[in-house]
Amino acid sequence: MLDVQGLSGGYGGIDVLHDVSISVEAGETVTILGANTAGKSSLMRAISGLLPRVSGRITFIGADLSAQAAHDIPGLGIAHVPEGRHVFKEMSVEQNLMCGAYCARDRGDARARLDVVFDLFPRLMERRKQAAGSMSGGEQQMVAIGRAMMSDPSLILMDEPSLGLAPIVVDSVHEAMGRINALGVAILLVEQNAVMALSVARRGYVLESGRLVLSGDAAALRDDPGVKRAYLGV
Amino acid sequence: MAYLQAILDGILLGGVYGVISTGLSLVFGVLGVVNFAQAEFLMVGMYVAYFAWAYLGLDPLIAAPLAFGVVFVLGFYSQKLLVGRVMSAPPAAQIFLTVGLMITLENGALVLFGSDFRSVNVPYQIQGFRLGELFVSAPYLYAFLWAVVITGALWLFMARSWTGRAIRAVAQDPMAATLAGINTARTYNIAFGLGVGLTAFGGAVILPYITVSPTAGVQFAVLMFTVVVLGGLGSTTGALVGGIVVGIIQSLSGLLFPIQLQNLVLFIIFILVLALRPQGLLKGV
Amino acid sequence: MSDPILSLNKATVTFGGVRALDDLSFDVNRQEIVGVIGPNGAGKTTLFNSLVGLQKLRSGTITLDGVVVSDRKPHQIAALGMTKTFQNTSLFPDMDVLGNVTTAGLLHHPLAEARDKAADILDRMRLTPIARAGIDALTFPQRALIEMARAMATNPRVLLLDEVMAALTPSEMDEVMETARQLRADGLTILVVEHHMRAIMSLCDRIVVVSFGRKIAEGTPDQIAADPAVIEAYLGSSAKEKEVQHA
Amino acid sequence: MRLKPTGILLLVLFVVAVLLPLGLDPRGNWLRVMGTVMIFAAAAQAWNIMGGLANQVSLGHAAFFGIGAYVSTLLYINFGISPWIGMLIGALVAAGAGALICLPTLRLTGHYFALATLAFAEVCRVIANSWSSVTGGPVGLTIPFAGDAPMLFQFRSTVPYYYIILALLVVVSLVFWRIQVGAFGYRLRALRETPEAASVVGVNVFRTKMIATMISAALTALCGTVFVQFTFFFDPDSVFSLTTISIRLAMIAIVGGLGTLIGPIIGALFLLPLEEVAITLLSSQASGVAQLAFGVVLIAAILIEPRGLVALGPWIMRRLKGGQPSAPSDMTAKGETNV
């Protein structure tokens with residue numbers, strides 16, 4: 001479904017990605033592992049059109065993404081939950097979610113989709129009128145994921161969804177991912193918490209300094225010394 | 001009683017200040033650009049309403065939506081063709097661009113319309129209502145009511161419409177807005193048009209009690225900035241409250257100080273607020 | 001051999017309700033190279049900003065060679081001998097490389113001397129060929145090296161290096177590490193925040209591990225690499241497991 | 001190396017300026033115009049210390065300009081103190097005002113700072129208009145005529161004024177240059193975009209900005225005094241004006257080239273005669289045409305080349321050397337628009 005071939009790119013004169021190729025099949029969960037500054041977030045940003053300079057080929061269900069403006073990409077069915085959540089702080093939970101439906105293929109569906117999200121995160125239903133900025137990190141993460149789900153995506157990019165969250169909250173985010181995947185939405189996950197990521201994902205890629213160094217089944221990666229090395233350097 | 005009357009006048013005046021300043025606040029809140037030319041768009045709105053009255057016989061209150069429309073288009077393209085091109089430039093470039101726009105609009109009006117002071121003639125111009133011992137001037141009251149209506153309309157638009165939501169989303173987090181599929185550049189154009197359009201609307205409704213000339217905007221410039229800074233740059237509800245506060249201050253200081261010093265009071269408030277609470281007095285209250 | 005030049009005592013910083021630094025205490029000895037590591041968002045950059053005075057502590061103190069510096073301004077702390085480099089670099093864009101380093105030299109020298117000193121530092125770091133280059137023209141590794149050169153020009157006694165090795169090639173990294181060791185031999189104390197574990201393990205005498213603003217481990221590189229709490233903080237674990245309290 | 005052509009150009013301009021009165025009718029309009037050009041070049045140069053080197057864009061320099069004008073004139077009218085001395089006192093007062101405005105506004109940057117300085121100048125204007133017993137109010141002040149009295153800063157001919165103004169421009173430019181190349185200039189440039197990095201390597205950001213503001217204010221006040229000695233008459237709306245002083249100073253610097261020594265000189269030489277010509281040519285037209293052109297030029301200058309006319313220098317040099325004009329197309333467009 002998503003096919004990235006020979007992707008390089010970066011900011012200004014500096015390349016942070018070098019010849020990266022990955023793919024995601026429909027309905028599958030794939031994780032990208034690697035230490036900080038390995039280029040994981042940049043890869044995500046390249047897919048959703050936010051990386052200023054990109055070369056290589058990115059196609060999504062046959063459409064060439066590099067020809068699209070960043071704001072047109074969500075409409076094609078790719079939602080991106082950015083690192084740091086980026087909720088609209090001064091809007092209520094419900095308004096945040098509605099913004100997510102801005103690009104949906106059928107806006108008339110927005111109310112119905114709201115129910116899907118509330119089903120996913122009952123907590124958001126309870127807090128629907130609360131300003132998103134006043135919520136806890138975990139709740140904000142739910143808002144961010146819920147907002148992404150509002151656009152009725154077929155692929156969702158999640159960048160560090162457990163960053164800075166307490167363990168118990170990480171657990172519920174983890175759980176939600178399973179339920180989202182069960183709805184038929186493919187997930188591309190970037191996660192510092194490698195153990196968690198590999199327990200959710202079917203396959204994984206390992207990036208080191210912007211280059212792909214390892215890929216394979218989650219189970220195989222879990223025992224691969226290369227993963228530990230990429231993180232701890234030992 | 002004189003004080004009560006002054007407060008009443010101040011509220012009526014302040015409601016209009018609120019609408020005028022809401023436009024400025026909207027532009028800043030969404031684009032992060034202080035539009036030094038905002039007051040000149042007010043002047044343009046006044047001229048639109050004036051000519052609608054002179055040639056079409058329209059009451060300025062009826063022509064106000066027309067003023068909004070014309071200035072919206074003007075603003076949309078000002079943003080698209082001019083301001084939008086320096087959005088990522090340092091503030092100095094933005095400041096000078098809007099200052100250039102200010103000079104251009106003011107003198108463009110001077111070239112086109114001459115320096116004459118023009119005023120409209122409407123039947124309710126000198127009418128009023130008695131409220132016990134208080135006097136309510138009809139044109140002030142109508143302008144105030146219109147201001148309240150348009151503010152309500154703006155509020156509904158921002159809360160309910162897709163475009164309104166997009167504007168707020170872009171204002172709060174452009175990156176997340178892009179990821180939600182919102183075209184930020186287009187949203188900026190709309191927000192700028194909306195902001196200057198609202199200010200122009202305010203210019204039209206005050207035409208029954210004020211004269212228009214190419215320099216008509218200037219007297220509102222510092223006033224607008226004071227209102228907006230008082231209410232918190234970027235906060236539209238703050239601008240409305242700030243407008244009424246400034247209206248009352250201005251009206252009361254008219255009782256206490258000679259006319260020339262009225263503005264001084266405003267300026268001093270302005271500098272003090274900037275210095276002590278640049279995020280605005282009303283924000284977070 | 002406990003001779004701390006820098007001491008943190010229960011340093012706490014909060015943003016909103018979040019505790020970015022939470023009762024953090026540790027010492028750095030003279031001429032030591034100490035690494036600070038921890039997962040993203042652990043508070044490492046906040047820690048460095050607090051040390052140089054860019055971030056005020058909510059409570060606790062920071063002492064530099066017996067002087068309490070946690071209530072001082074950044075330029076005063078620089079004058080007392082502690083400065084830092086910036087992650088992702090924050091060079092002065094309106095000056096060339098030499099100008100950047102010279103400006104820092106002005107802290108203790110008049111202009112002409114500061115310029116000579118800057119040229120000398122650039123020479124020692126083998127950066128003379130780019131001394132007249134504008135900042136825009138530099139690659140990221142070059143910028144990181146200029147950050148170091150600029151910090152050196154303030155004659156620091158304690159130098160904080162914030163991710164200078166990100167995006168360096170292995171040989172460039174070796175060069176930076178060699179420079180750091182040389183500086184230490186000349187009497188400097190160095191604190192390093194780095195994601196690159198291999199570099200930090202081979203460079204540092206001691207490592208402090210921070211997670212959620214708290215110190216979760218402290219020790220030699222070998223001790224740290226074997227520490228289960230550290231491995232958990234980095235690689236994560238099943239969320240059900242209790243957080244391991246490490247003494 | 002890059003300074004060399006600029007240095008030669010400045011030298012040429014200086015020599016031309018020195019010789020100019022020999023060629024122009026001493027009673028004619030053009031000598032007065034050139035005097036005005038140089039006053040505004042000097043004031044814009046003073047503005048440039050703050051706006052260009054420290055990147056603190058002030059839209060309120062009329063405050064300092066007007067303070068210079070009022071202090072020296074009031075001291076002369078009321079106490080008979082020579083404007084030569086009043087000018088220095090005015091500069092001190094303006095420096096004090098600069099420090100005063102710095103205290104509350106120093107944390108402000110960009111738009112907020114521009115707004116605060118704008119309001120400060122407006123406060124000065126309103127006070128001057130209202131405090132009639134001292135300032136004469138909106139009627140303005142006329143400097144009593146004393147004939148040829150060099151000690152009192154008065155001359156019958158325009159020529160001495162012309163040379164005094166030239167000297168003023170040279171002094172302000174030297175101060176600017178000294179700051180630009182000196183240690184202080186390093187500190188200013190360091191803090192303009194990256195104040196945190198500057199402070200971490202030892203720059204006292206507060207003090208540095210404050211001193212820059214005081215110097216800039218004092219020099220602007222000197223220009224204010226000289227300006228009113230030159231025009232004999234002024235009122236609050238002319239010396240404290242937002243458009244004809246505050247914005248004009250900023251505009252001259254930005255059109256010429258922000259933060260450069262030659263920028264304000266080029267900017268003034270370009271804009272003021274343009275304005276003069278426009279007024280002369282278009283006097284039969286509706287008023288406002290010249291100002292309109294001003295606004296358009298300002299917008300065009302920012303959109304086409306935010307670095308100002310100075311950025312054209314290298315392009316012109318390449319053309320002069322006969323090299324292939326490898327300038328990108330927007331450079332060509334700029335050449336046609338501005339030159």
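All values below come from the heavy atoms of this structure, side chains included, with hydrogens, waters and symmetry mates left out. Convention: sequence-line order gives letters A, B, ...; per-chain numbering from 1.
Y186(D) is not listed as a side-chain neighbour of D94(C), based on a closest heavy-atom distance of 4.5 Å or more. Under the 4.5 Å side-chain criterion, counting only non-hydrogen atoms from C-beta, V201(D) is not in contact with L107(C). Two residues are said to be in side-chain contact when any heavy atoms from C-beta on lie closer than 4.5 Å; T194(D) and F86(C) fail this criterion. Using a 4.5 Å heavy-atom threshold, the side chains of H75(C) and V203(D) count as separate.
Counting heavy-atom pairs closer than 4.5 Å to chain D, the top residue among T154(C), V52(C), T83(C), N49(C) is T83(C). Interface check for chain D: of the options P156(C), S90(C), A112(C), A114(C), the most heavy-atom pairs under 4.5 Å are formed by S90(C).
R189(D) contributes atom CZ, which lies 11.0 Å from atom CZ of F92(C) (distance to the nearest 0.5 angstrom). To the nearest 0.5 Å, the span separating CD on E193(D) from CD1 on I135(C) amounts to 12.0 Å.
Closest approach of S199(D) and A78(C) over heavy atoms only: O-CB, 4.3 Å. Among all heavy-atom pairs drawn from A190(D) and T103(C), the shortest one is CB-CG2, 3.7 Å.
Summarising the local packing, CZ of R181(C) is surrounded by more than 12 heavy atoms from other residues, nucleotides or ligands at distances under 6.0 Å.
In this structure, no portion of I77(C) lies under 4.5 Å from any heavy atom of chain D. For K73(C), no part sits under 4.5 Å from any heavy atom of chain D, backbone or side chain.
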